[in-house]
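All ligand and atom numbering here is 1-based and tracks the order in the structure. FYI, side chains are in, hydrogens and waters are out, and symmetry mates aren't considered; it's all heavy atoms of this structure.
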Amino acid sequence: MNAKTSTTDQVQERYAHSLMNTFGKPKLVLTRGEGPFVWDADDNRYLDLLGGIAVNALGHAHPALVEAVTRQLDTLGHVSNFFATEPQVGLAEKLLELLGSDGKVFLTNSGTEANEAAFKLTRRTGRTHVVAAEGGFHGRTMGALALTSKAAYREPFEPLPGDVTFVPYGDADALAAAVTDETAAVVLEPIQGEAGVVFPPDGYLQRARETTSDHGALLWLDEVQTGMGRTGSWFAHAASGVTPDVVTVAKGLAGGIPIGACIAVGEHGSLLQPGNHGTTFGGNPVAAAAALAVIETIETQDLLGNARTVGTALRTGLLHDRVGEIRGSGLLIGLDLDAPVAAAVTSAALEQGFIINDCAPDRIRLAPPLVLTQEQAGAFTDAWPKILETGYAQAGQA
Ligand SMILES: *Cc1c(COP(=O)(O)O)cnc(C)c1O
């Protein structure tokens, strides 16, 4: 056993003794990153095609992000929400500009908190009933969990906030049948991320908009995973032409600095009033400055265009006999394998220097940094047949 291997083993052992076992054993101990690459404690390099789960929009250690965070921390690192700061206000304005709507923003520290804010906002309509989709994921706090259908996540924590109806995702008729004049909101992901990058049929969001408008219910789109350029546009719902009432974002927003936002359109921005909601850290100037730097870099480097181009190349390069459907938009990509071997394929990828995600037994998800180049994507697609071969062999499915 060499010295470096023992570093990994030691950190793993300390982890097991000191951190709650909520995530299982960590796959690696990582020590540094640059661009789309990370290095482990044994100095092995990996191409990070998961990007911290759709978070590291600019990759690792991007100079624009490092500079913005350093400068803000050196100037004013935190104030309470008794006070305003320029980055906080600038970010709220920028989010509304990107969404193309008037409205108001509540800044949080995570996706689940953005959804909590939205959930509380829907209660201020005077109604309580919410319709959510099967297969959807909205976070782990009690409110967001109440809107998440997966039994394994929910059941250990019931009773959760009630009055939630789940409908099959993508079925506009089922949605229409579930929404009544008592419904406060319908919450949907424009593309279901955790489920494995699952798209609804064309026209679904438009039908959801019609249904909610007919009943005076809010249409709330959870873009925590799909938003902020991930799909090659600022918001995944943009292509539908639909104007939602509430949009939540988080993951990629500040490129790895914790943040989230609940954006309410038009008069819905006034539903939460003084005393209704709060946060100590949300809107923190360092996180807001980081988000502004990420957004500006995406704009100046045309990373939306890059996400579309490199995403298309990746999807083409992933075609293979053992691969079924390949879905994606920009750099959010999901694919189905022809057997439940996604965990083994993910391990094989890791052994060959690539970080990917098995989001279901037979599904792989990629959400690489938006700065990923064609050449870097090509390194992965060149290795892909070998990764599949090794993974299937290790799973006894060769
Ligand atoms: C990740 C995710 C969340 C939860 O975000 P956290 O920052 O982990 O709390 C909520 N909704 C969607 C669609 C997500 O992908």
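The stretch residues 324-348 participates, sequence neighbours left out, in these salt bridge (charged side-chain N to carboxylate O under 4.0 Å, His left out) pairs: R322-D338, E325-R327, R327-D336, D336-R363. For residues 66-76, the set of pairs meeting the salt bridge (charged side-chain N to carboxylate O under 4.0 Å, His left out) definition, not counting sequence neighbours, comprises E67-R71.
Panel note: side chain W384, backbone L318; a donor-acceptor pair is recorded below 3.5 Å.
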Return all side-chain donor-acceptor pairs below 3.5 angstrom for residues 133-141, not counting sequence neighbours, or 'none' if the list is empty.
unit_1: H138; atom_1: ND1; unit_2: D222; atom_2: OD2; d: 2.7
unit_1: T141; atom_1: OG1; unit_2: T112; atom_2: OG1; d: 2.7
unit_1: T141; atom_1: OG1; unit_2: E116; atom_2: OE2; d: 2.6

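Checking Q225 against E194 by side-chain atom types alone, a donor-acceptor pair falls below 3.5 Å. Between the side chains of Q376 and T373, at least one donor N or O sits under 3.5 Å from an acceptor N or O.
Each of S110, G111, T112, N115, F137, H138, G139, E189, E194, D222, V224, Q225, K251 has a non-hydrogen atom positioned under 4.0 Å from some atom of ligand 1.
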